[in-house]
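By convention in this document, chain letters (A, B, ...) are assigned in the order of the sequence lines, proteins followed by strands, and residues within each chain are numbered from 1. Side chains are part of it too, since the values below use all heavy atoms of this structure and drop only hydrogens, waters and symmetry mates.
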Amino acid sequence: MADPIVTVSELLAPAFAAVGGPGVDPVVRPSDRADAQANGALAIAKQLGQNPRQVAEAVLAIARDLLVGVCSDIEIAGPGFLNLTFTNEFLAAQLATAANDSHLGVRSTPLAEHIVVDYSHPNVAKEMHVGHLRTTVIGDAIVRMLTFVGHRVTKENHIGDWGTPFGMLIEHMLDLGETEAASELSVGDLAGFYKAARVKFEAGETFGDRARQRVVLLQGGDAETLRLWGVLVAESTRYFNTVYATLGVLLTDADLAPESMYNPMLPDVVTRLRDVGLLRESDGAQVVFPAGYLNREGEPLPLIVQNSVGGYNYATTDLACVIDRVERLKVDRMVYVVGAPQAQHLAMVFAVSEMAGWLAPGVAVHVAFGNVLGADRKMLKSRSGESLKLNELLNEALERAEAAVVDKNPELPAAERTAVAHAIGIGAVKYADLSTDRIKDYVFEWDRMLSFDGNTAPYLQYAHARICSIFRRAEVDRASVRNSVPVLATPQERALALRLLAFDTAVWDTIDRYSPHRLCTYLFDLAQDFTGFYEHCPVLKAADEATKQSRLALCDVTARVMEKGLDLLGISAPERM
RNA sequence: GCCCUCGUAGCUCAGGGGAUAGAGCAUUGGUUUCCGGAACCAUGUGCGGGAGUUCGAAUCUCUCCGAGGGCGCCA
């Protein structure tokens with residue numbers, strides 16, 4: 001099992017070790033000159049002070065016996081590359097194995113960890129916007145992949161349900177009337193609600209006083225205030241859940257780890273920092289100075305954990321969160337899917353946690369991402385210039401997808417059409433977000449993401465659907481073809497087989513870098529290879545029954561890799577569209 | 001002022017030490033209009049500039065230019 005590149009790398013390792021010493025990397029990569037190339041000889045030659053071609057020959061002399069049955073051809077090329085060509089029998093056997101593997105050839109992790117993934121984190125009584133789209137979609141894909149390879153994953157949705165704005169929000173709710181406010185929030189007019197509260201807060205002194213008084217009551221644990229606060233949280237959470245349902249993400253109420261949850265732990269954070277001797281007083285605030293951070297004036301930059309009037313802030317909460325994850329959840333790794341602007345803040349939180357001895361280096365990872373931009377290359381806005389609500393964006397995706405489906409396939413029954421439009425519309429939005437390198441900003445363009453051509457969700461979904469169509473027309477049970485070993489007679493069949501076997505590497509590359517776009521690129525390449533196969537290799541009209549069976553088997557694995565790959569991205573693959 | 005991220009073809013993006021830097025879209029010119037459903041082939045003075053490390057650099061380092069972001073009591 002596993003990618004042939006991985007297999008051959010392991011097989012070659014002893015040959016390289018014999019020539020270059022233990023631990024030498026054969027540096028096996030895909031190649032356009034052959035199926036793969038091993039570049040390790042050049043590095044060894046440098047160290048040994050020898051001619052790289054001679055080194056390659058020495059390696060080859062040993063490797064030939066190790067690769068019997070695996071490679072039909074090994075030749076030395078250029079300055080000392082080993083060009084490797086796999087035997088068709090080896091590829092076919094590997095593919096047959098993958099086809100019968102529940103994980104389609106993807107290796108499980110050798111060491112299962114408990115990993116917390118922190119993502120989505122919307123704010124109570126505040127609208128979800130496109131920034132939340134990124135953290136939610138990327139985080140969800142990472143959760144799915146880590147789980148797939150055998151890790152134990154805890155999702156945490158760190159919703160913002162605490163802080164000074166709640167005084168203002170609660171008072172506004174009382175002004176509106178509780179029932180009225182609740183319905184406003186649950187239907188998703190969070191922006192209007194928050195804005196109205198904000199306006200009153202800034203305009204009226206009496207309202208401001210009430211709000212500040214309410215904050216004191218909230219923090220003091222006043223029962224009625226807590227009940228009112230609870231209404232805000234419950235209605236907002238209900239609204240978030242409708243957005244999550246539309247998006248099709250895994251988050252549920254069980255994953256909520258609200259800021260308020262850490263509230264009782266905050267004094268202890270400060271105490272513990274004092275106990276380990278890290279706490280300093282600076283301008284009246286309680287702070288820690290992590291090494292290497294400077295402010296504008298070139299002075300050490302503090303992480304403030306308690307302000308000059310005794311209040312705690314998000315740094316304190318984040319530190320409590322680290323402690324909770326390490327000591328209560330006993331996680332091995334924590335993944336923060338948070339926007340790039342938070343890089344310094346998180347780095348400082350991690351640094352302080354390490355200084356305090358709570359966190360081992362490398363355990364906490366910031367999976368950062370860039371902005372969603374409009375066609376004008378500025379932050380994506382709605383037509384009226386307001387920041388774009390996530391919910392409105394998703395609704396537009398559904399409308400556009402429905403129109404596209406009506407246009408492409410008018411015969412589709414109405415009931416099925418809605419479901420397909422959902423898969424396409426939401427898939428398109430998610431895929432557009434996932435298919436570019438997350439650290440970069442990306443340009444949001446409806447026409448491109450919903451196109452049935454190019455590197456888009458609809459194109460991949462279409463490739464899947466057309467395979468399903470082949471099986472429908474063939475009236476063949478999908479599972480029945482899984483025991484046949486495919487014959488890789490044409491270049492297209494061979495290329496498709498090689499690609500299918502690379503699913504393993506694609507998933508692991510994605511996990512190793514927390515970069516879903518790697519899997520997207522792979523799936524797009526797979527769809528392209530399938531199209532080449534589809535054009536050149538008749539399936540139902542194959543020359544003979546054995547060829548037909550072989551090609552049906554290739555179709556089946558392709559469809560399953562595509563479906564699973566999309567599933568790992570949180571995108572569904574309809575059987576017809 | 002300091003720090004971080006980004007800069008690849010007309011556009012949107014891959015490629016993160018290996019051989020001639022790729023894809024999609026768009027463009028232009030052909031072929032096909034037949035199967036299973038939404039065709040295929042061809043088409044390019046492109047790695048922001050410069051220096052360095054290396055047998056080898058789009059990739060690593062430095063520097064300059066450009067864009068975005070962060071830098072003490074909001075989150």
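Taking the side chain of A:E259 as heavy atoms from C-beta on, and the options B:C73, B:G16, B:A75, the nearest nucleotide is B:A75. For A:D283, whose side chain is taken as the heavy atoms from C-beta onward, the closest listed nucleotide among B:C71, B:G37, B:C73 is B:C73. For A:N295, the side-chain atoms get nearest to B:C71 when compared with the rest of B:C35, B:C71, B:G18. Nearest to the side-chain atoms of A:Q342 among the listed nucleotides B:A75, B:C73, B:G37 stands B:A75. Among B:U12, B:C73, B:G70, the nucleotide with an atom closest to any side-chain atom of A:P341 is B:G70. When each of B:A14, B:G16, B:G18 is scored by its nearest atom to the side-chain atoms of A:T521, the top-ranked nucleotide is B:A14. Nearest to the side chain of A:S282, among B:A75, B:A38, B:G72, sits B:G72. Here the side chain of A:V443 is nearest to one of B:C74, B:C13, B:A14, namely B:C13. In this structure, the nucleotide among B:A38, B:C35, B:G7 sitting nearest to the side chain of A:K541 is B:C35. For A:R29, whose side chain is taken as the heavy atoms from C-beta onward, the closest listed nucleotide among B:G18, B:C74, B:G16 is B:G18.
Within 3.5 Å, a donor on the side chain of A:R472 pairs with an acceptor on the base of B:G37, or the reverse.
A gap of 14 Å separates the C1' atoms of B:A57 and B:U8, to the nearest Å. Comparing B:U61 with B:G18, their P atoms are spaced 15 Å from each other, to the whole Å. Remark: the separation of the P atoms in B:G46 and B:G50 is 13 Å, to the nearest Å. Taking atom P on both nucleotides, B:A51 is separated from B:G56 by 16 Å, rounded to a whole Å. Here the separation of B:U63 from B:A21, taken at their P atoms, is 29 Å to the nearest Å.
Atoms OH (A:Y293) and P (B:G1) sit 22 Å apart, rounded to a whole Å. A:Y459 places its OH atom 13 Å from the C1' atom of B:C25, with the value rounded to the nearest Å. The distance between atom CD of A:Q461 and atom C1' of B:A38, rounded to the nearest whole Å, is 14 Å. Atom pair A:H345:NE2 and B:G70:P shows a separation of 14 Å (rounding to whole Å applied). Taking atom CZ of A:F533 as the reference point, atom P of B:C40 lies 15 Å away to the nearest angstrom.
Residue A:K440 places no side-chain N or O under 4.0 Å from the OP1 or OP2 atom of B:C13. For B:G15, one of the phosphate oxygens OP1 or OP2 lies less than 4.0 angstrom from a side-chain nitrogen or oxygen of A:R518. Residue A:H158 has no polar side-chain atom (N or O) positioned under 4.0 Å from OP1 or OP2 of B:A75.
Nucleic acid contact class of A:A45 (heavy atoms, under 4.0 Å, all strands): none. Among the heavy atoms of the strands lying under 4.0 Å from A:Q528 are primed sugar atoms or P, OP1, OP2 only; no base atom is included. A:D509 comes within contact range of no nucleotide atom at all, as no heavy-atom separation falls under 4.0 Å.
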- Intermediate values then yes/no, side-chain contact (heavy atoms from CB on, under 4.5 Å), A:N409 and A:R576: CA-CA 10 Å; A:N409 191 357; A:R576 77 177 90 209; 5.7 Å; no
- Item | Stepwise side-chain contact (heavy atoms from CB on, under 4.5 Å) test for A:H172 and A:F207 | CA-CA 9 Å; A:H172 178 56; A:F207 185 83; 4.2 Å; yes
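Both the sub-6.0 Å distance and the 45° axial angle are not jointly satisfied by A:R466 relative to the ring of A:F452.
A:V19 places none of its side-chain heavy atoms less than 4.5 Å from the side chain of A:V24. Using a 4.5 Å heavy-atom cutoff, the side chains of A:H129 and A:H132 are in contact. Within the 4.5 Å cutoff, side-chain heavy atoms of A:L554 are placed close to those of A:L500. A:H345 places none of its side-chain heavy atoms less than 4.5 Å from the side chain of A:V338. Counting heavy atoms from C-beta on, the side chains of A:L273 and A:L319 come closer than 4.5 Å.
A:A125 approaches A:L169 most closely through the heavy-atom pair CB-CD1, 3.8 Å.
Each of A:Y312 and A:L42 has a nearest nucleotide on RNA chain B; the 5'-most of these lies closest to A:L42.
A glycosidic torsion no more than 90° from 0 defines the syn conformation, and B:G16 adopts it.
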- Tell me, what's RNA chain B's dot-bracket, Watson-Crick or G-U with both distances under 3.5 Å, | for other-strand, [ ] crossing? (((((((..((((....[...))))..((((.......)))).....(((((..]....))))))))))))....
